[in-house]
Amino acid sequence: MIYRDVCSLGAPGSRNLFLSIVNNASALSQLIQTHAQIIVNGLQYDLATVTKLTQKLFDFRAIQQARHLFFTIPSPDIFLFNVLIRGFSSNASPLSSISLYADMRRNTHLRPDNFTYSFALMAASGFPDEKYGMLLHAQSIVDGSGFELFVGSAVVDLYFKFSLVELARKVFDRMPERDTVLWNTMITGLVRNCCYGDSIEVFRDMVAERVQLDSTTVATLLPAVAEMPELKVGMGIQGLGLKLGFHYDPYVMTGLISLYSKCGQINTARSLFRQINKPDLIAYNAMISGFTCNRETESAVRLFREILASGERVGSSTIVGLIPVSSPYGHLHLTCSFQGFCIKSGIIPNPSVSTALMTVYNRLNEVDLARQLFDESPEKTLAAWNAMISGYTHNGLTDKAISLFQEMMTEFTPNPVTITTILSACAQLGALSFGKWVHDLVKSKNLELNIYVSTALIDMYAKCGNILEARQLFDSMIEKNTVTWNAMISGYGLHGYGHEALKLFHEMLHLGFHPTGVTFLSILYACSHAGLVREGDEIFHTMVNNYRIEPITEHYACMVDILGRAGKLEEALEFIRRMPVEPGPAVWGTLLGACVIHKNMNIADMASKKLFEMDSESVGYYVLLSNMYSVDRNFPKAALIREVVKKRKLAKTPGCTLIEVNGTPHVFVSGDRSHSHTTAIYAMLEKLTGKMRELGYHSETVTSLHDVEEEEKELMVNVHSEKLAIAFGLIATEPNTEIRIIKNLRVCLDCHTATKFISKITERVIIVRDANRFHHFKDGVCSCGDYW
DNA sequence: TTAGGGTTAG
């Protein structure tokens, strides 16, 4: 009785006192002391005091103390429950949070309110799947709070966290009332799920409905805008931000710096950075990364030194944003010194940093250095594996890329980046079975099929010979970008389907896609392989005059190829003379190739002279020339060229051909006798040669040439690898099926002629991918029109 | 609000 009196008398005054002490507590120890005094003053069951105390305990991450305190309260109210549910959830204990919520529903008569639901929903997003979240959403609707602003926002946020974009949108659309936070949640969710276009549309709706914008709205949208090609949108948002006075918000400023940097407007970014009074580390990071991606090496390094000099500790983000400045050739020393800095300052075990360094090493063709870093990384993230696999792929080490991929599969499920990279390796290698296996993997595991993956699939199918499958995939894609179109156009070019390529090119322009230098290269290449001289010429002029794209060496070489192949050698020469830049080995080499086809010794002489002057490393040109002189019976000159090759220590790439039978690859080299079916293969070849001769085939070998060195003669007498592969294909596959082979060099004249005969005799379609393009042999005719 | 791994040509 006396006790109760003390409580009721003293409570109001001392409660306010304690509330204010708890509120202002700056250390956990102080809080615990105050708790003791609360007990002494008999306020230990006072819900208002206890609730505040619990909340504060969570602020200090004293989760166990908070839990204990809660269990001393005989009948907690909904406020106290809410504080606990939120406290657990924001301290990475979503399970405690949800079980407390469940406990409350089961064992008390308390009614969850808006707060309960929004906190519990926040906790539910920490679970591995959306099960609990959906349950809570359903309960909140039954309870009648599902359409309240706070609850609705939490539900929308939850669905976005599980990438259930459509569900989130449905909830958003059905909300009777929407405030700034709800709109922001919607926009943020869309941006986080990479639906950039949609996020901007929602933003436009928000403006149209005259909803109050805040700096979060603007800051959230900026990264979305950075992903969009049209900067205009960004300008609009910045304008809006300025008008509303948000440009002083550090989030907005940093976002703008990043945006302008990504759009190549580095000077605007720089001036925004200068306007910041005291930039924080994050603003510095954004600016450094901006300089880096705009190749302003010196500015980036200078700013980095500025941070170091100021005594600020640089973070991994800083260095990750800086590392790519060292990727241009000749900057290897810079990469190494960054690595040294990271080791010294203890940043290096950070996986992002290692991955960034690996990427640069790979770009500089220093695959071994990258691999060393990879092997030494204590924590190998999926990104690190991807970086290494992509490094191998870009450096042509496709077999290593594939075996590393297989090793990775034992630890990780591949993501879209992995799939894209490995498909690129398959395309390079011509590994159709493996490529199909990867495609099946995507389908069976329901892996995300984004624009990169789809484009890589198109490229893989096209390069592995299945152009129809490539086109089907292309047609089924809802969202395409320029790269997608480029891949399909170049696929057609590779197969010699010039008209299809042109049709696609015009369709692409009609739909409003902006062609790039690569687009023009692909279409010119397609024209050259289909003998479309007039079309090629027109396109080249369109590129220069209408699209103002400055041609690079490859464009010029393509034009020389178009003219040269068509026998317009004088015109090709004239074109070279009029080139505004110095023609390189690629241009002269292309002209030489055309001379060989059309047997023009004069121009060939001239082109080869130029090639020799340039000291080209490409042995192919020399082989071309030597063969041409041999055919022309100019043996001294042929010998001279072989001498040069020897002197310059240029190694010929040995030719080899791959054929897949039932998913197993078989590789043949010239004169190969190592295959288990050798006897049958040679017997088949002999039988075929007999039939071919009856039909008028005579080999174009150089066996009769007396001025050829013994070693080389043997190589010439030997059966080329593609013939062996075809013979094996005929033995090992069912009649009437297609035979697909891949050769690493250009197919020679003799093999080309022979394959035409074989396709007629055996009534088989034979598809040959050589170093340049595809040849579809059918009924004695080749799709290249003997023009390759 | 900043940062790491991906597709097309040659």
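The sequence lines fix the lettering, A, B, ..., with proteins before strands; numbering per chain opens at 1.
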Is A:I257 touching bases, backbone alone, or none of the nucleic acid, heavy atoms closer than 4.0 Å? nothing

Quick one: label A:T381 by what it contacts on the DNA or RNA (base, sugar-phosphate, nothing), any heavy atom closer than 4.0 Å. base

Of A:F338, A:F291, A:F304, the residue whose pairing with A:V325 passes side chain to side chain contact (heavy atoms under 4.5 Å, CB included): A:F338

Applying a 4.0 Å non-hydrogen cut-off, can you work out what A:K463 is touching in the nucleic acid: base, sugar-phosphate, or nothing? sugar-phosphate

Between the side chains of A:D440 and A:K436, is the shortest nitrogen-to-carboxylate-oxygen separation below 4.0 Å, so that they form an ion pair? no

Students often get this wrong, so: under 4.0 angstrom with heavy atoms, is A:S454 touching a base, only sugar-phosphate, or nothing? nothing

So what does A:N450 touch, heavy atoms closer than 4.0 Å: a base, only the sugar-phosphate, or nothing? base

What's A:K380 touching, base or sugar-phosphate or nothing? Going by heavy atoms closer than 4.0 Å. nothing

Under 3.5 Å, which donor-acceptor pairs do the side chains of residues 455-468 of chain A form with other protein atoms, sequence neighbours left out?
unit_1: A:T455; atom_1: OG1; unit_2: A:I451; atom_2: O; d: 2.6
unit_1: A:T455; atom_1: OG1; unit_2: A:T484; atom_2: OG1; d: 3.1
unit_1: A:D459; atom_1: OD1; unit_2: A:K463; atom_2: NZ; d: 2.9
unit_1: A:D459; atom_1: OD2; unit_2: A:K463; atom_2: NZ; d: 3.1
unit_1: A:Y461; atom_1: OH; unit_2: A:H439; atom_2: ND1; d: 2.8
unit_1: A:N466; atom_1: OD1; unit_2: A:E469; atom_2: N; d: 3.3

Check every strand shown and say whether A:P324 touches a base, only sugar-phosphate, or nothing at a heavy-atom separation below 4.0 Å. nothing

Within-4.5 Å side-chain heavy-atom neighbours: A:V353 and A:Q339: no

Would you call A:E296 and A:R270 a salt bridge, using N to O less than 4.0 angstrom? yes

If a pair satisfies side-chain hydrogen bond (donor to acceptor under 3.5 Å, both in side chains) and one of its residues is in residues 274-284 of chain A, list it, with sequence neighbours excluded. A:Y284-A:E306

Terminal contacting nucleotides, 5' and 3', DNA chain B versus chain A (heavy atom, 4.0 Å): B:dT1 to B:dG10

Assign A:N350 to base, sugar-phosphate, or nothing according to its heavy-atom contacts below 4.0 angstrom with the strands shown. nothing

With heavy atoms under 4.0 Å as the rule, sort A:H394 into base, sugar-phosphate or nothing. sugar-phosphate

